[in-house]
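Please read the structure below before turning to the comments.
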Number of protein chains: 2
Amino acid sequence: MFIDPMATLPLFGDIGPVESRLLSENSRVRAYPKGAYIFRQGADIQNFYVVCKGTVQVYRGTPDGHEITSDILIAGDCVNAEEIIALDTAHTANTRIVEEAIILELPIHWMRDNMNDLARLAPRLLVGLADRLRGALKDAEHFSTLSAPQLIACYLQSLCVPYGFDPRSFDLPYSKTLIASRLHMELATFSRSLKKLKPFGIVVTGNHVAITNLKKAERLVCNRCTITETCRTRALLDRPPTVVLCTPGMNGERQTGLRVPQVAGV
Amino acid sequence: MFIDPMATLPLFGDIGPVESRLLSENSRVRAYPKGAYIFRQGADIQNFYVVCKGTVQVYRGTPDGHEITSDILIAGDCVNAEEIIALDTAHTANTRIVEEAIILELPIHWMRDNMNDLARLAPRLLVGLADRLRGALKDAEHFSTLSAPQLIACYLQSLCVPYGFDPRSFDLPYSKTLIASRLHMELATFSRSLKKLKPFGIVVTGNHVAITNLKKAERLVCNRCTITETCRTRALLDRPPTVVLCTPGMNGERQTGLRVPQVAGV
DNA sequence: CGATCGTTTGATCCGCATCAAGATAGGTGG
DNA sequence: CCACCTATCTTGATGCGGATCAAACGATCG
């Protein structure tokens with residue numbers, strides 16, 4: 001099974017033929033079975049990895065033996081872009097294969113040696129880094145402002161963008177257990193919260209999701225959330241996806257505290 | 001009051017005289033009074049900003065009129081590094097002056113035009129971006145795994161690094177209200193949690209903090225937290241600060257759920 | 001000396017984690 | 001085809017942490 005990463009990955013989409021060959025010569029493509037690790041937390045950073053196919057769970061283990069999923073990656077995603085630049089010598093997370101995956105790897109020292117040409121080699125790498133940062137900021141904000149049902153509503157809608165799902169009817173791309181973990185909540189809480197979404201037009205039965213009323217679904221989230229990947233879902237139907245700011249109005253000048261009133265019953 | 005940003009800012013520490021003059025010619029330094037805004041959420045992105053002096057609160061407003069502090073910046077910090085690269089045209093957060101500040105500004109279009117030379121112009125800009133990303137990941141993890149007292153313990157210790165405080169005795173650099181907001185918790189919760197820290201050798205009276213027992217204080221956090229800015233505090237006393245991984249042991253293979261047992265009474 | 005700001009403290013309530021017991025489904029072997 | 005098994009998910013009961021509302025306290029200031 002051969003895959004030409006240059007042709008597949010938007011990451012390297014707009015580079016010239018010279019750079020393309022350079023990349024090919026210095027990269028390697030490898031297949032991983034389900035359950036395998038690309039690398040583990042604490043191990044030496046050796047390569048930069050890009051997912052070409054499959055699903056990868058990024059998680060961190062706490063000393064008391066539990067784990068926190070920080071991201072779920074699919075084809076086209078960089079696994080550890082920030083580690084090219086980081087001062088660390090060790091990986092700060094585990095990356096485990098959820099669905100059989102094909103991974104492109106580039107030696108990290110080669111990447112670093114070519115840092116000066118990086119902008120030319122992979123202009124989108126920086127964009128990816130910035131995107132990832134924004135995603136992390138969004139997560140931090142969401143986890144401390146949205147309720148469990150809101151988080152789920154937001155996540156389900158945002159799923160549609162990378163996967164190209166029709167919000168009105170699609171299947172979950174991975175297990176509920178994994179999704180719950182990604183949303184930093186217990187499976188039990190996740191399961192219970194799904195029922196609360198029905199009145200808002202989000203019906204999940206088994207593996208299948210049906211978002212029947214996008215306006216309602218958005219309203220569920222938008223009074224709290226501001227970065228709102230969520231709103232991309234609607235964009236899917238109307239125009240090409242971009243990040244939409246849901247906060248038109250300005251806010252109070254003086255208050256500094258965290259103060260987010262609950263949506264009734266959700 | 002004149003400040004030469006090139007001399008002051010480590011961000012531009014290792015650039016040559018040519019680049020330095022280029023920067024000077026294209027930058028502007030401006031003083032802001034307390035309470036002023038550098039920019040507001042939703043406004044057009046015009047400049048890249050660096051804090052030369054003072055304190056800046058970065059926060060986002062939710063549609064229902066409340067606000068969430070995402071960061072507090074001090075001298076040397078980039079305000080919006082990610083926005084140089086972002087595809088967005090509008091600021092995604094507010095930046096308000098907490099203590100009278102001096103801000104360096106560089107036109108964003110100039111930064112972008114010189115993207116190719118960016119690595120040469122400001123090699124540390126990328127490092128800063130990566131650091132910021134790591135910080136955001138840490139926040140996301142901490143907010144959903146640490147209890148309020150643990151968050152505070154972690155934060156108090158991490159404060160010592162950028163400010164060069166002696167953990168055994170220092171004053172809070174800004175109000176408790178602001179800190180509580182930065183930690184995404186209510187002021188009331190913050191206030192109450194401080195008392196719970198005493199048994200762990202962290203005594204806060206009024207504005208003053210005394211961390212009498214670093215080992216105890218670390219233990220309070222480290223069984224849950226893995227990235228642990230916290231551990232830097234100890235490093236302050238022993239060796240130059242670096243990020244320390246607190247997870248020597250590996251964790252279970254199969255569990256995927258979020259499962260973080262409580263520390264008794266904290 | 002009232003007034004305002006920042007902080008503490010109290011009482012109450014709700015969301016979610018936790019523990020634990022069913023339920024459903026896919027897979028295997030007899 | 002059915003009994004069995006394990007993985008995945010649902011549902012129930014309970015408890016704790018922290019948000020919320022509200023009142024009191026201490027400072028600083030005109």
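All values below were derived from every heavy atom in this structure, side-chain atoms included, with hydrogens, water molecules and symmetry-related copies excluded. Order of the sequence lines fixes the chain letters, A, B, ..., with proteins taken first and strands second; residue numbering starts at 1 for each chain.
- The ring-ring contact (aromatic ring centres under 6.0 Å, His included) check on B:Tyr174 picks up nothing, with sequence neighbours excluded.
- Within the structure, a side-chain polar atom (N or O) of B:Thr177 is placed less than 4.0 Å from OP1 or OP2 of C:dT7.
- Across the protein-nucleic acid pair, B:Phe143 atom CZ and D:dG18 atom C1' stand 14 Å apart, rounded to whole Å.
- Atom OH of residue A:Tyr32 and atom CD1 of residue A:Ile102 lie 11.5 Å apart, to the nearest 0.5 angstrom.
- As a whole-Å value, the separation of A:Asn207 CG from C:dA25 P is 12 Å.
- OP1 and OP2 of D:dA7 both lie 4.0 Å or more from every side-chain N or O belonging to A:Ser175.
- As a whole-Å value, the separation of B:Leu172 CG from C:dT7 C1' is 12 Å.
- Put simply, the side chain of B:Arg192 and the base of C:dG10 share a donor and an acceptor less than 3.5 Å apart.
- The listed nucleotides are C:dA17, D:dA19, C:dT8; the one nearest the side chain of B:Lys176 is C:dT8.
- Note: CD (A:Gln150) to P (C:dC16) measures 9 Å, nearest angstrom.
- Nucleotides of DNA chain C nearest to B:Phe190 and A:Ser193 differ in position, and the one nearer the 5' end is that of B:Phe190.
- Counting to the nearest Å, the C1' atom of D:dG17 and the NZ atom of B:Lys196 are 7 Å from each other.
- The distance from atom CG of B:Leu146 to atom C1' of D:dG17 is 14 Å, rounded to the nearest whole Å.
- In this structure, CG of B:Leu197 is placed 14 Å from P of D:dG17, rounded to the nearest angstrom.
- For B:Ser191 and C:dT8, the shortest distance from a side-chain N or O to OP1 or OP2 is below 4.0 Å.
- B:Pro173 pairs with exactly one of B:Val98, B:Leu159, B:Ile72 by the side-chain contact (heavy atoms from CB on, under 4.5 Å) rule, that one being B:Leu159.
- Judged by distance alone, with hydrogens and angles left aside, the side-chain atoms of B:Glu83 form no donor-acceptor pair with the main-chain N or O of B:Asn80 at under 3.5 Å.
- Whole-Å rounding puts the B:Leu187 CG to D:dG26 P distance at 17 Å.
- With sequence neighbours excluded, the residues forming a salt bridge (charged side-chain N to carboxylate O under 4.0 Å, His left out) with B:Arg30 are B:Glu105, listed by chain and number.
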